[in-house]
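Let me begin by presenting the structure, written as structure tokens, before commenting on it.
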There are 2 protein chains.
Amino acid sequence: MDNIKISKTKKVLKGERLLSFGDIAKFAHKVESGCLKSYVIDNTGKEHILQFAPEGWLIGDMDSSTNKKPSVVFIDAIEDSEVSFIPTSFFEDFHSIEKGLLTEMSIKLRNNLIATNKRIISLLSATAKERYIEFTQTYPTLVQRLPLKLIASYIGITPEYLSDLRRKIAKQK
Amino acid sequence: MDNIKISKTKKVLKGERLLSFGDIAKFAHKVESGCLKSYVIDNTGKEHILQFAPEGWLIGDMDSSTNKKPSVVFIDAIEDSEVSFIPTSFFEDFHSIEKGLLTEMSIKLRNNLIATNKRIISLLSATAKERYIEFTQTYPTLVQRLPLKLIASYIGITPEYLSDLRRKIAKQK
DNA sequence: AGGAAAAATTAAGGTAGCTTAAGAAATGAG
DNA sequence: CTCATTTCTTAAGCTACCTTAATTTTTCCT
């Protein structure tokens, strides 16, 4: 959260892991520079990206940190990054949080929920092509910055099929 | 929210609509009895269910009510229900909300976000069969109560294909 | 600059899940 | 109880998207 100054920032290199499957998340992270991703790995070994976190974004596993459960997600740096570590104990008990901060948190939770719901709508009701176009419109800066295979993973298709789609989209112009 | 007593409850009949595409949501709803659904309709005219709200649940379109946008979702009663109407003005400005209620809301937002994230994981990384089994385990009472075609819509498949899956699941026992 | 690694493309063949359509079963209204 | 409506099932043919694998292009490292 913007108000939390208690955490030091740390440099992490591309490829470094901040949370692993099975861990109980002790920190959330605010990205100061660079970019992180959170993702799951399915039965067949394939990676599915839940979130990208470029500068200014928060990332973590709320289920693990809130409920002290082993995490089902991984969090890795996908660029060299500077990241602050926010102890999850900090917002464990909402009752003990000062009102201003709680308000700020609620707004973030609400916005996050709205965004997450949009993604569900998209996954349920749009084709792969539509989801790709939507992604490029919603996150134009990420499109320029991230490998296509990560974008494919985020929108729920294979890199090969995304490549096909891009060719078709380019052709029809 | 549990604390909000200001809203009267109203009976709504199966099939009645509480929110339509294009409306700006003026109310959220707490279901006292019965069941509601929220859903979108895609380009091809197909319905995709975002949420079921049986007794005790809240339902609404947060994006529309927060941002005063025309809604992209519909909310209908799927059983005869008793529903309370919570004016969205009530939680429009988080700063003006009393601390206890804000805490309660934050916890609900957080839990909702955790659940919503699980659904994204499921949509990205599980097969239709796995999603169906997951649904029956997560919402056993809804499975007994709802038409299968609504469950199919929620997990993102057609009723015909769900029927196939159920036959295969039954056979392999 | 040069070689290795990562990312992207292309193409052929495959499958999960969809479409259409028709019939059977269950539910509901009068 | 009966007719109408909704739900569920079955099956055949189809398509969006996947798998595998090979090639090209780009990026990265020293």
Side-chain angles (χ1 to χ4, degrees), chain A residues 13-16 34-35 37 39 41-49 52 76-81 122-136 142-172, chain B residues 13-16 34-35 37 39 41-49 52 76-81 122-136 142-172:
Chain A
L13 294 177
K14 177 172 172 171
E16 265 188 73
C35 193
K37 65 177 175 183
Y39 61 99
I41 296 184
D42 71 21
N43 301 330
T44 73
K46 266 202 307 205
E47 175 178 322
H48 304 275
I49 294 183
F52 296 115
D76 291 2
I78 53 183
E79 297 175 358
D80 294 345
S81 306
S122 178
L123 286 170
L124 287 174
S125 69
T127 62
K129 185 175 167 184
E130 289 165 342
R131 295 201 302 277
Y132 171 64
I133 291 171
E134 206 174 295
F135 185 93
T136 61
L142 289 182
V143 172
Q144 307 194 12
R145 188 168 161 182
L146 299 178
L148 289 170
K149 65 171 195 167
L150 295 186
I151 294 170
S153 170
Y154 183 92
I155 64 178
I157 64 176
T158 60
E160 293 82 1
Y161 189 53
L162 177 54
S163 190
D164 279 0
L165 289 177
R166 283 162 49 82
R167 183 163 23 133
K168 281 176 201 153
I169 291 168
K171 214 178 289 179
Q172 82 190 18
Chain B
L13 294 177
K14 178 172 172 171
E16 265 187 74
C35 193
K37 66 177 175 183
Y39 60 101
I41 296 184
D42 71 20
N43 300 331
T44 74
K46 268 203 304 206
E47 174 178 321
H48 304 275
I49 294 184
F52 296 115
D76 291 3
I78 53 182
E79 299 174 358
D80 293 347
S81 306
S122 178
L123 286 169
L124 286 175
S125 69
T127 62
K129 185 176 170 185
E130 291 165 341
R131 295 202 301 277
Y132 171 63
I133 291 171
E134 206 175 295
F135 186 92
T136 62
L142 289 182
V143 173
Q144 308 194 10
R145 189 167 160 183
L146 300 178
L148 289 171
K149 64 171 194 164
L150 294 186
I151 294 170
S153 170
Y154 183 92
I155 64 178
I157 63 176
T158 61
E160 294 82 1
Y161 188 54
L162 177 54
S163 190
D164 279 1
L165 288 178
R166 284 162 49 82
R167 181 163 24 130
K168 282 176 200 154
I169 291 169
K171 214 179 290 179
Q172 81 189 19

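Chain naming here is simple, since letters A, B, ... match the order of the sequence lines and numbering starts at 1 in each.
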Interatomic distance where [atom1] belongs to [X] and [atom2] belongs to [N] [whole Å]:
| X | N | atom1 | atom2 | answer |
| --- | --- | --- | --- | --- |
| L124(A) | dG17(C) | CG | C1' | 15 Å |
| L146(A) | dA8(C) | CG | C1' | 15 Å |
| K46(A) | dT19(D) | NZ | C1' | 8 Å |
| E130(A) | dA16(D) | CD | P | 12 Å |
| L150(B) | dT7(D) | CG | C1' | 10 Å |
| K129(B) | dG17(C) | NZ | P | 10 Å |
| I155(A) | dC18(D) | CD1 | C1' | 14 Å |
| I78(B) | dT7(D) | CD1 | C1' | 14 Å |

Practice task
Report the residue (K14(B) or T127(B)) whose heavy-atom-nearest nucleotide on DNA chain C is the more 5′ of the two.
Solution key: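 With K14(B) and T127(B) compared, the 5'-side residue is T127(B).
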Practice task
Please assess L150(A) against E47(A) for the test side chain to side chain contact (heavy atoms under 4.5 Å, CB included), listing each intermediate value before the final yes or no.
Solution key: CA-CA 9 Å; L150(A) 295 186; E47(A) 175 178 322; 4.2 Å; yes
Which of these nucleotides, [options], is closest to any side-chain atom of [X]?
| X | options | answer |
| --- | --- | --- |
| R167(A) | dA7(C), dC17(D), dA11(C) | dA11(C) |
| E160(A) | dC18(C), dA8(C), dT20(D) | dT20(D) |
| Y161(B) | dA8(C), dA16(C), dC8(D) | dA16(C) |
| A128(B) | dG17(C), dA7(C), dT19(D) | dG17(C) |

Practice task
Would you check if the side chain of H48(A) reaches a backbone N or O of S125(B) as a donor-acceptor pair within less than 3.5 Å?
Solution key: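 Here the side-chain-to-backbone pair does not exist.
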Exercise for the section: Please work out if G15(B) contacts a base, only the sugar-phosphate, or nothing of the nucleic acid, heavy-atom cut-off 4.0 Å. Expected result: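 No contact at all - G15(B) keeps every heavy atom at 4.0 Å or more from the nucleic acid.
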Exercise for the section: Take the angle between the ring planes of F52(B) and Y154(B) and call it parallel below 30°, perpendicular above 60°, tilted in between. Expected result: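 F52(B) and Y154(B): parallel rings.
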Exercise for the section: Please name the residue in the list R145(B), K14(B), K37(B) that meets the salt bridge (charged side-chain N to carboxylate O under 4.0 Å, His left out) test with E79(B). Expected result: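 Among the candidates, only R145(B) passes.
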Exercise for the section: May I ask you to test the L162(B)-R166(B) pair for a side-chain heavy-atom distance under 4.5 Å? Expected result: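 Yes. Closest side-chain heavy atoms under 4.5 Å.
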Exercise for the section: Tell me which of D164(A) and P159(B) sits closer to the 5' end of DNA chain D, going by the nucleotide each one is nearest to. Expected result: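 Per heavy-atom nearest nucleotide, the more 5' residue is P159(B).
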Problem - N/O (side chain, T158(B)) to phosphate O (OP1/OP2, dG17(C)) under 4.0 Å - result: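 For T158(B), the contact criterion (side-chain N or O under 4.0 Å from OP1 or OP2 of dG17(C)) is not met.
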